[in-house]
Every structure is written in C-alpha cells, then in structure tokens.
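Residue numbers start from 1 in every chain, and the chains themselves are labelled A, B, ... in the order their sequence lines are given, proteins ahead of strands. Just the heavy atoms: all of them, side chains too, but no hydrogens, waters or symmetry mates, feed the values below.
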2 protein chains.
Amino acid sequence: MNFQQLRIVRETVRCNFNLTEVANALFTSQSGVSKHIKDLEEELGVELYIRKGKRLLGLTEPGKELVKVVEKILQETANLKSIAQNYTSQGVGELAIATTHTQARYSLPSIISQFRQRYPAVHLKLYQSSPGEIVQLLTRGEVDIGIATEGLEGIADVAVFPFYRWRHTVVVPKGHPLTRSKSPDLHQIGAYPIITYHAGFTGRARVERAFNQAGITPDICMSALDADVIKSYVELELGIGIIAPMAFDPDRDTGLEALETGQLFEENVTYLALKRGRVIRDYVYEFLQLCKADFNRSTVKAEIGL
Amino acid sequence: MNFQQLRIVRETVRCNFNLTEVANALFTSQSGVSKHIKDLEEELGVELYIRKGKRLLGLTEPGKELVKVVEKILQETANLKSIAQNYTSQGVGELAIATTHTQARYSLPSIISQFRQRYPAVHLKLYQSSPGEIVQLLTRGEVDIGIATEGLEGIADVAVFPFYRWRHTVVVPKGHPLTRSKSPDLHQIGAYPIITYHAGFTGRARVERAFNQAGITPDICMSALDADVIKSYVELELGIGIIAPMAFDPDRDTGLEALETGQLFEENVTYLALKRGRVIRDYVYEFLQLCKADFNRSTVKAEIGL
DNA sequence: GATGCTTACGATACCCGTAAAGATA
DNA sequence: TATCTTTACGGGTATCGTAAGCATC
C-alpha cells in the first residue's frame, strides 16, 4: 500500500470513477491508475468498485467504508505538512477562501486588507463560488475557509460559525413612489416587479418566505447572482431591488435609494465554515479573529475536532 | 513521504530513539532507517529529533506534534486492513487479548471456550502481562482487548468498560483457627501473616486500603503474581491468603477453606479495555458480548470513537 | 467511431542492504 | 573499545509512461 494508491482511490470518487480523468487530475497515466487500483484491491482482498465490464460504476459496500478511512489518512498527511509549515514558515503560505460574491465584494475587503498588512507573505486565493461549490471546495480540502449565508449548515464534515447577521433591504431608483411612504410594508413592495438574488444565494429563500407568509406572490421579474448586477437593472427602472444591506453604499450608488424596511424580512446569518479534522495554519486563526474579535482559537479547534 | 518513513518515526519513539533497534523491529537496515528519517525531515522542512552529535535523544516540539498525527495515520491504515478483512474473511483471523493471570486462569476460560466453538478459525493470542504491559500492548495496537482490574483507567487512548465486580476473599488452611469465627473482621485477619498479590496487581491496593482504614498494619509476609502461587504457600501454612474469589474452587482446592468475609474489602472492578480509534474485527464484538451480554456494539463503537 | 480500461514493455527512479568511516559513550 | 549513526555505492525492484489491444457507449 502506498499514498499514490490512496490518492487515486480518493480521486476516483471525485471524478465519478472516470480513470482517465483521475489520471489527469493527479498528473499521471491512466495505465498507472488502473494498475494501482488493481494492486490495492489485491492487497486488501476486496473489490472496491462495482464494475460493468471494464468500466467502473461506483463503490461496493466495503469500498464505501474504506474510502472514508482513505480520506482520513490523506487528510492527516496534509495535516502533517500544515503542522510542519506552522513551525518552519510562520506567516508564509497560502490562505484559500471560498465565498459568494456578496462577501467577496462587500464584507471581506476591509478584513482582507487588514490581513494582508499583517501577513504580507501569505498568498491569498479567493474563490468566488456558489454555496454548493463552496461546500465541495471545503470538503475536498482545497480551501481553508468557506463563507456564505446559505448551504453551509448540516454538512457532516463542515463546522460552521456565525459570522454576522443582517436583513435584506429594498433599493429603488431615486424618486421612486415608494420613497414617499415612511416605512413601506410587504404589500406595497410586492406591488412592484422585483429584482433579487438567484435561488440558493444570499438568503433568497428568506425573501420568498417573507412574501409567502404575508400571502403575497411577488413578481420576481429578474434574478441575478450579485447585487452589482441587480443594482444596475434597478437603476434602469426594470424593477425594485431586494439585496443585502452590505451591498448598498449611498455615496457610490447615487442613482438609488434604500428604503427603511425595518424587520420586514427574516434575519440572515452569514457563516464562516471550516473543514472538520483539517489542521489550518496559524494565520488562518488570525484571519478568523479579524472577522470576529471574539473568535477563540481553542474553541474553534474543539469544534473542528482537533 | 511514504509509509515506511512513518513506521520508522513511530518506531523511534517506541525504541527510545535507538535507530539500530528500530531497524531490527522493522526488519530493515540501520542505514535505511537513517536515510528515511533524513528524507522525511527534509520533506517536512522540520527537525523532528533533538540530536546530540549523531545520537537522537528525543522529539522536538514539532516532532511531538507530528508523531501524534503519524500514529493516527498508521492506525487508520491498520483499520483499512481490518475493515477489508471483516468483509473477506468473516470469522477468520486473530483475536489478541492481553490480561493478567487472574483473568486468564479463572474468568476467561469458559468465555474463550464458547468463543472457540463459535469461531474455530480465529487464532487466539493470549498475552499474560502486568497492567502496565497491557496498556502498552493496547496502545501499540498489538492486542484487541485488554482485561485487568488495575491500571487501565485514565489512559487517553484507551476506552474501558466494566466487566464484572468482585471483592477479595480470605483463604486459610483447612482447620485454621479463623474458620471457627462466623465472620472474622480485619483485626482478626490482620493478626496472621498474609500472602497476597504484588503491588499493582489484582486489586492489591484495595486490600491495603481496607487495613489502613481500620488502623491496622498487616504483616504481608509474601506477595506473588498469581493466586495459584499464593494458594500453594497458604497450604504450606506460611500465612493466610487474600485472593480474588474467582481463584478459589472448593472442589479443587481441597486443602483450603474460604472465609465468609462479606464486605470487608472494597469492591474491585475488572475492566475490558479497547484502543480508541482502532477498528476491530466483527468477532471481537462477539467476544465482548460473550463477556457481558448487554454489551452493545454501537455504544462500544461510539465509546472508542468510531 | 469515440471514449475508456487493461495489458505489455522498456526506462527511470527509488528503496534497500552491504560496507566503510566517523562519532559517541 | 564497543556501540551507534552517517555516508557512499551497487543491486534489485517498483513505479511510471508509452503504446497497443480491447471493451463499452
């Protein structure tokens, strides 16, 4: 048994059992991949894969159980390297963050600029992704931190920590009729076509829920991934926007106004997420503390199982 | 990085950093050991060992941290094999138990004979050891189960389960004066020279505690590892014996009598111990259930962290 | 016919073990 | 001096990649 064999097994799952793809992902040859799998199965005395002729279709029962252990082993070998680097290269390395547009554009810049000042030798890698992709990047161990408002909770290998809380706000073109009412309610808002986030992004579900509970079927005439796009179309008077408040800046967004919507919408929680069992570099803990001063290193460690 | 390197690192700790010994333990050459260590340190960029000239003396701080992870990795690779064998070779394999004389001789035979009937193809390996050795065998992963009354609690990587409870009994030569009193107390018993277990074995500490609390300094004229030896000397009238009740059989030990000592001594708990994180074969769970019918496989698994 | 897996084979690199030299107690 | 570690070097083996053959879709 060797590490290459284990890497290959892990990769087969990630590549949907396409060995050619596995070989490419691991920068090696198909033939080697094929042989390694055969060798490992022989050594363990178990067929790991369900086969149909020459094609692999999925994992057998023992295969499923074994892959879990294989992932643990590979995770721990990655941890060996992280631990070593924490000693040898303090403040040097990479910080990979996967997050949504909203965070990348509006909530992280100030934190990241602080972090860069403190750790100029840490290379920052910012993935901008959907919540689903963020989970995948996290569980694959390709990023250190995931940040999103949706889709991070309830994943077995992912630990989440509340980052901050917020409620959606309504933005309208300057001079829009709604600006005349002191604090418009959902019925008044629902009377206009609405532009907001795609389903599964940035608390979109909570926007819909608010209308549903008020018995209103809103006319969501457009949806977009990010507030920049939404704001552009609101300025073009195609509808009114419902966006995260972080995304509205009265100084910059001069063509728009934000309404006083109070608690019309449910509260959203934006989470920071870490992979359980993954050792992270010291500066990652520092980054977390920049996000939220009361982040305690030892409680974070306990939460992710270290 | 490869598994041999990790095995070597683990073994250096076990062999007190004597690389020659490591090489012998792993059936390889010193030179290879030396080189592997060097290579691994180079790859991780960290000195794992404190050196004095050419000799290794111990682990550095990063070394200590890394060895923990190395042990995890190697444990999980062993688990891979166990899991595979649970599928391929049901009821075939090895069951290694480390226990003290008392258990091996008196409490286990009936269980083991039942087990052998059920799993004739499982090779039994019975280590008879001191509690300290039992802990070592367990943590090194050389045995599946440890059984003892002493020294198993409070070890980080070892989970313990109460097996059964018992109190020491007093055995005397037939016709001994003490047999005349209905239920002798500690003062009466302490008047005679006593033969019992070595310190650290089979609840010896509780025997002493009982006398101490009664303000008596007993004359422990002999101590031995096991009840067979103790009983022999009691028969020779060198003293009276204080032994585990399992070790007295009125039919066989015809030269002796057991006194009615009621609750003179504190209760002892004999524990079954498993190594945390170690996957054990299905038949090991069956063995545990033979020991105690209410052993629940899933609670055991949870307790050992699987 | 295009894609994907296996087998065969040759080149390479890695790992091991012997042996010699140097260091430590 | 005896024990222990390092370094150097040669032999063997395992791994890798190319290429050909075959199965699957």
> Check the distance between D:dT3's P and B:N16's CG and give it to me in whole angstrom.
18 Å
> List the atom of A:Y49, the atom of A:L59, and the distance in Å for their closest heavy-atom pair.
CE2-CD2, 3.7 Å
> Considering every strand and a 4.0 Å limit on heavy-atom distances, what is the contact class for B:K38: base, sugar-phosphate, or nothing?
sugar-phosphate
> B:K52 near the nucleic acid: base, sugar-phosphate alone, or nothing, with a heavy-atom cut-off under 4.0 Å?
sugar-phosphate
> Would you indicate what B:S31 reaches in the nucleic acid, counting non-hydrogen atoms under 4.0 angstrom: base, sugar-phosphate, or nothing?
base
> Find the distance A:E41:CD to C:dC5:P and express it as a whole number of Å.
13 Å
> Can you tell me if B:H36 touches the phosphate of C:dC16, counting only side-chain N or O atoms and a distance under 4.0 Å to OP1 or OP2?
yes
> Which is true for B:F17 with a 4.0 Å heavy-atom rule: it touches a base, it touches only sugar-phosphate, or it touches nothing?
sugar-phosphate
> Closer to the 5' end of DNA chain D via nearest nucleotide, is it B:R51 or A:Q5?
B:R51
> Report yes or no: is there a donor-acceptor pair, N or O only, under 3.5 Å between the side chain of B:T20 and the base of D:dT5?
no
> Is any side-chain N or O of B:S29 closer than 4.0 Å to OP1 or OP2 of C:dT18?
no
> Below 4.0 angstrom from OP1 or OP2 of C:dC14, is there any side-chain N or O of B:N2?
no
> Identify which nucleotide among D:dC16, D:dT6, D:dC4 has an atom closest to any side-chain atom of B:L19, counting heavy atoms from C-beta outward.
D:dT6
> B:L57 has an atom CG; how far is it from atom C1' of C:dT24, in whole Å?
11 Å
> What is the distance, rounded to the nearest whole Å, between atom NZ of B:K54 and atom P of C:dA21?
12 Å
> Is it the case that A:R204 places NZ or CZ above or below the six-membered ring of A:Y197, under 6.0 angstrom from the centre and within 45 degrees of the axis?
no
> Given B:Y119 and B:F287, is the side chain to side chain contact (heavy atoms under 4.5 Å, CB included) satisfied, shown in steps?
CA-CA 10 Å; B:Y119 293 99; B:F287 183 90; over 6 Å; no
> By nearest heavy atom, map B:Q30 and B:D39 onto DNA chain C; which one lands nearer the 5' end?
B:D39
> Looking at B:N18, I'd like to know whether one of its side-chain N or O atoms comes within less than 4.0 Å of OP1 or OP2 on D:dT5.
yes
> Between D:dT5 atom P and B:I8 atom CD1, what is the distance in whole Å?
13 Å
> A:L40 CG to D:dA14 C1': how many Å, rounded?
15 Å
> Rounded to whole Å, how long is the line connecting atom CZ of B:F3 with atom P of C:dC15?
13 Å
> In plain terms, say whether B:D144 and B:K275 are close enough for a salt bridge, that is, a side-chain N and a carboxylate O under 4.0 Å apart.
no
> List the atom of A:A159, the atom of A:R276, and the distance in Å for their closest heavy-atom pair.
CB-NH1, 3.7 Å
> For a quick test of reading the model, state the closest non-hydrogen atom pair linking B:T99 to B:A104 and the distance between them.
CG2-CB, 3.8 Å
> Below the 4.0 Å mark, does C:dC16 have OP1 or OP2 next to a side-chain nitrogen or oxygen of B:Q4?
yes
> Ignoring hydrogens and angles, does a donor from either the side chain of A:R55 or the base of C:dT3 sit under 3.5 Å from an acceptor on the other?
yes
> Between A:L56 (CG) and D:dT24 (C1'), how many Å, whole number?
12 Å
> Can you identify which nucleotide, out of C:dC5, C:dT6, D:dT5, has its nearest atom closest to the A:S34 side chain?
C:dT6
